[in-house]
Structures are given as structure tokens and as C-alpha cells.
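In what follows, a single structure is set out as C-alpha cells and then discussed.
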Amino acid sequence: MMSERISICCAAGLLVASLLTGCVAPGGRTLLPEPRPLGAQVPTVEQGSQDGSEEVRDAVPEPTGMLGLKEALAASLMRNPEMAAFSYAMRAAEARILQAGVLPNPQLEFEVEEYDRRGEGFDSAETAVVLAQPFELGGKRRWRKRIAEAEAELAGWDYESKRLDIFAETSRRFVEVLATRERLELARSAVELAEKTSCAVAERVKAGKEPPLQAAKSEAELELARLGELAGENALGVARKRLAAMWGAEAAAFDTVEGSLDHVMDAVPSLGALRVRLAVNPDLARWEAELRLRRAAVAAEKAARIPDLEASVGFLQFEEDGTEAFAFGLGMPLPVFDRNRGNITAAQHELAKAESELSAATGALAAELAEVHSGLTTAHQRVGTLRSKVVPAMEQAYQAAHEGYQQGKFGFLDMLDAQRGLFEARALLVDALHEYQAALIDIQRITATGIDDLNREEQVN
């Protein structure tokens, strides 16, 4: 009889507990923040799969053959290990939302008192089965969920920020491969020109128009040019591996890259037009969620000072006389000594700190934008001057010096200086184009917007 009553009591208590916990709606999967305009059309790990693992990486094969920028970006965003790690971190934050909304578990106790008091074993004992359920007061569960939701939103912003970082870094390394390839082509052109010069000097030495010393000098210049070509080949190999590392490859499986550095806008977007786009940057947009998190933390600490209520129901049986009874109870701690003041004050200070950090982050990003914009403007001017004036002038100077040397009008050193000047000018143009493209990528990362979109917005305004 006793065991039946105990079973009925336990079943009823567990049913009540299950009904209470069943009132908690399972949290839906929080959405990522809307992708920033920069690279929004390129799929990422999280967008490609709900469990983001190896299947997604296999869906985008490692690039081979001719590699374009779009293919490199797609491979990086779908295969980069860091992207996968951020994807899992975001899912973990989403799972914590579910956990934050769960009610405390009930507690089941079985007690036996006064066992064998008079040597009678259980015949003199008092048996009790008690089911206790704590109830959180003050909105603790609500604020706990708010905190978890804000943390999940922050994880989403961190994911979006990492997506843009991967997008920008892949673009930089792709441009680095292009620039290194251009420098290698210049080095090979220098070898060809040095060979041509060496032949011309050899003919003049053979004709007795130049001393043998000049032939030795031209041979030395040729060997230096060949060393430059070797250094360029090594640099290109390193740049290719650095690019392949963006999608987790140890070596570059692609043959070559498709593209050119020489794509320059007619004009640089104004700083004012770019500054308007700062609010789109996820590194700033995340602070709205950060402030919500801090405010929720303050509210949660204030709610924590309100004591929780614990209700209990129990079944008792007195073996000595065979009587039975039910017991009910309510209890809560008395907030006499600990009113959570320290934690409340700390949370308020954390909120004030976050507000100051938002102001600092806004100023720092605006200063970075101004610095990068200045570098972009300078590189744009350098490209224009080198491409339209300096390089053509040096080409004409070298052509005149080479022809004049063959005709005996100029000396060997004059031709050599013209040759060096021409290749220095071409190298400066490649460097300027590289700096321009790198600054352009930085501008796009800071504004989280593609340059085509920026140009269209400026034209509309």
C-alpha cells in the first residue's frame, strides 16, 4: 500500500514538473545578421549547411587550373578553418539560448527517520517522500534568456566580421600574387634586355670600339638580372602558397591566377561618402547588441537579489501506528546579508565601460578610414603619374640611349643608367598599383561595401 502511494505521489509530482517545463517554448534558431554588402553574394560555411562540417568543404573543391578572384573567395569562405570554427561558436551560443530558458529541475527526496529506535527496525521508523520545485522570481529566467540572446547576436556579428576579414585577406593575397607575378615578368624582361645589352657590348668590344672591361660589366649586369628573376620566382611561389592557405591547403593546386593590377578608378570616392558607410561595419554594428547584453546583465543582477521560492509536497508514513499524512511547504532564503549590491554595481560599471568603448571604437574606425583613404588617394596619384609620364619618358630615354650606343653617340654607362631607370620606373608602377589595390581592399573592408556600390552611391548623391 505504501509503495503504491509513493509511486502515485512521485508520478503526480513528475507530471507537474514536466508540465511546468513544457511551457518553455523551444527557442528557434537565431538568424545571422544580414550580410554586409561586401561579398554578400558569395556563400559561406554557415549559409551552406546546418551542421557546417566536412560536407560543405567537399561541396566546394580546391581550386585548380586558372584561378579567378571569385573562385578564390568562394573557396576561402567555404573551406577556411577559421570560418568553420566561428560557425561552431555561433551554434554553441544559439544552443545556450535554449538552455537559458529551461526551468530548474525538481528535487525528489526519500527520508527515513527514527529507524530501529527501539530495536524494531522499520516498524518504528517514519518514512517521507518529498518532491520540491524551486520557482525563480524577479524575472531571472527572462533576463537569463535576454543575455543568452544578446550573446548569440554578438556571436553572429563576430561571424560576419570574420567573414569580411577572410574576404578581405583573400583579396589581398590574390592581389599579392598578381603583383608578384608582375614583378617576375619585369625581372624576366630585365634578363632579356640585359642579354640584348650584353650582345651589343660584345659586338662593340669585338669591333674594338669598347674595352673588354665593358663586356665584363655587361655580363655582371646580366647575372644580377638572372638573380632577380630567381628571386621573383621564389617570391611568386611563396605568394601562391599564402593564397592557398586561405582555404586550408598546404600547397597551391592552381596553375595561375586570372586578373590584372591595372584596374584603376577615374576618381577616388570622397571621404565623406565613405564615412557614411561606417555604421555598416560589423565591428561597430555589434555594439548595439553589446549594450543590450550589458543592460540585460544589470537587470539580471538586480533580479538576483530577489530570493527564489521553493515549494514542496510530500507523503509521510508512520510505521509505528500505520498512519499516513501529506506535507506541504514553502521556503525562501532571507536577503538579510547578501543583497547582491556588489554584482549590481559591477554590472553597471561594465555597461558604462561598453558605452565608452563604443565611442572609442567609432573614433578609431573613423581615423583608420581617413588614413586608408589618404593612402588610396596618394597611390591613385602615383599610378596616374607613373603610368602617363614617368614610364613612357623612361622608355623613350632607354630607346634613345640604346640606339645611340649602337651608333657610338653614347657610352656604355649612359645606356646602363637608362636601362636601370626604365626598370626602376616599371617596378615603381607595379608597387604603386599594388598599394592602390591593397588600400582599396582596406576601404571596402572598413565600409563593408564593394567599391562598385560605393561609386553608385556617390553618383546618386
Side-chain angles (χ1 to χ4, degrees), residues 38-39 66-73 167-193 225 228-229 231-243 246 252 254 256-271 274 368-369 371-398 419-447 449-455 458:
L38 180 61
M66 179 74 74
L67 177 65
L69 178 58
K70 291 183 179 179
E71 291 78 14
L73 292 171
F167 187 97
E169 184 61 23
T170 302
S171 300
R172 291 189 194 100
R173 296 190 184 188
F174 189 89
V175 167
E176 182 182 356
V177 173
L178 289 176
T180 308
R181 186 181 66 182
E182 291 287 334
R183 294 187 183 101
L184 176 57
E185 291 175 358
L186 279 179
R188 287 171 176 168
S189 297
V191 171
E192 294 177 0
L193 206 55
E229 180 183 11
E233 291 174 350
N234 293 334
L236 180 59
V238 172
R240 283 162 49 83
K241 288 181 180 179
R242 280 174 46 81
L243 177 58
M246 292 303 299
F254 60 90
T256 184
V257 294
E258 181 182 13
S260 173
L261 289 176
D262 202 0
H263 292 289
V264 181
M265 297 179 295
D266 295 334
V268 174
S270 66
L271 182 59
L274 297 175
E368 183 182 0
L369 175 63
E371 181 180 354
V372 174
H373 181 268
S374 177
L376 178 65
T377 303
T378 301
H380 185 272
Q381 293 171 346
R382 288 184 62 203
V383 168
T385 300
L386 288 165
R387 188 169 52 186
S388 62
K389 297 179 180 179
V390 176
V391 172
M394 296 305 297
E395 288 175 346
Q396 291 177 1
Y398 171 75
Q419 176 180 308
R420 289 174 177 172
L422 172 59
F423 280 96
E424 287 176 1
R426 288 178 176 174
L428 287 174
L429 177 58
V430 172
D431 291 343
L433 287 169
H434 189 186
E435 291 172 7
Y436 171 83
Q437 298 295 345
L440 194 60
I441 292 168
D442 290 340
I443 288 286
Q444 293 179 99
R445 173 59 183 90
I446 293 173
T447 60
T449 308
I451 195 64
D452 293 335
D453 296 331
L454 292 173
N455 285 334
E458 189 164 35

Qualifying salt bridge (Lys or Arg N to Asp or Glu O under 4.0 Å) pairs, either residue in residues 428-441, two or more places apart
R183-D431, R382-E435
Nearest non-hydrogen partners of A379 and A432, listed with the distance
CB-O, 4.1 Å
Sorted by chain and residue number, the side chain to side chain contact (heavy atoms under 4.5 Å, CB included) partners of E368 (sequence neighbours excluded) come out as L365, V372, I446
Tell me the side-chain hydrogen bond (donor to acceptor under 3.5 Å, both in side chains) pairs involving residues 257-268, sequence neighbours left out?
D262-R387
Residues at least two apart in sequence or cross-chain that pass side chain to side chain contact (heavy atoms under 4.5 Å, CB included) with E185, listed by chain then number, are R181, E182
Could you tell me which residues satisfy side-chain hydrogen bond (donor to acceptor under 3.5 Å, both in side chains) with R172, sequence neighbours excluded, listed by chain and number?
E169, D442
Going by heavy atoms in the side chains, are Q444 and T449 under 4.5 Å from each other?
no
Nearest non-hydrogen partners of L386 and P392, listed with the distance:
O-CD, 3.8 Å
Looking only at heavy atoms, which two atoms of F423 and L186 are closest? And how far apart?
CE2-O, 3.4 Å
Show the nearest heavy-atom pair for residues V177 and L236, with the distance to one decimal.
O-CD1, 3.9 Å
Using the salt bridge (charged side-chain N to carboxylate O under 4.0 Å, His left out) criterion, which residues pair with R420? Sequence neighbours excluded.
E221
List for me each residue that meets side chain to side chain contact (heavy atoms under 4.5 Å, CB included) alongside T377, sequence neighbours excluded, and say none if there are none.
V268, H373, Q381
First locate atom OH of Y436, then atom CD1 of I441, and finally report the distance between them rounded to the nearest 0.5 Å.
11.0 Å
Mind checking ring pair (Phe, Tyr, Trp, His ring centres under 6.0 Å) for Y398 and listing every partner two or more places apart, or none if nothing turns up?
H402
Can you list the residues that meet the side chain to side chain contact (heavy atoms under 4.5 Å, CB included) rule with A252, with sequence neighbours excluded?
R240, A244, F254
Under the salt bridge (charged side-chain N to carboxylate O under 4.0 Å, His left out) test, which residues partner E424, sequence neighbours left out?
none
Looking only at heavy atoms, the pair that brings L38 and F167 closest together is CD1-CE2, 3.4 Å
Could you state the interatomic distance from CG (L178) to OG1 (T256), rounded to the nearest 0.5 Å?
8.5 Å
Residues at least two apart in sequence or cross-chain that pass side-chain hydrogen bond (donor to acceptor under 3.5 Å, both in side chains) with T180, listed by chain then number, are none
Nearest heavy-atom contact between L369 and L271 is CG-CD1, 4.0 Å
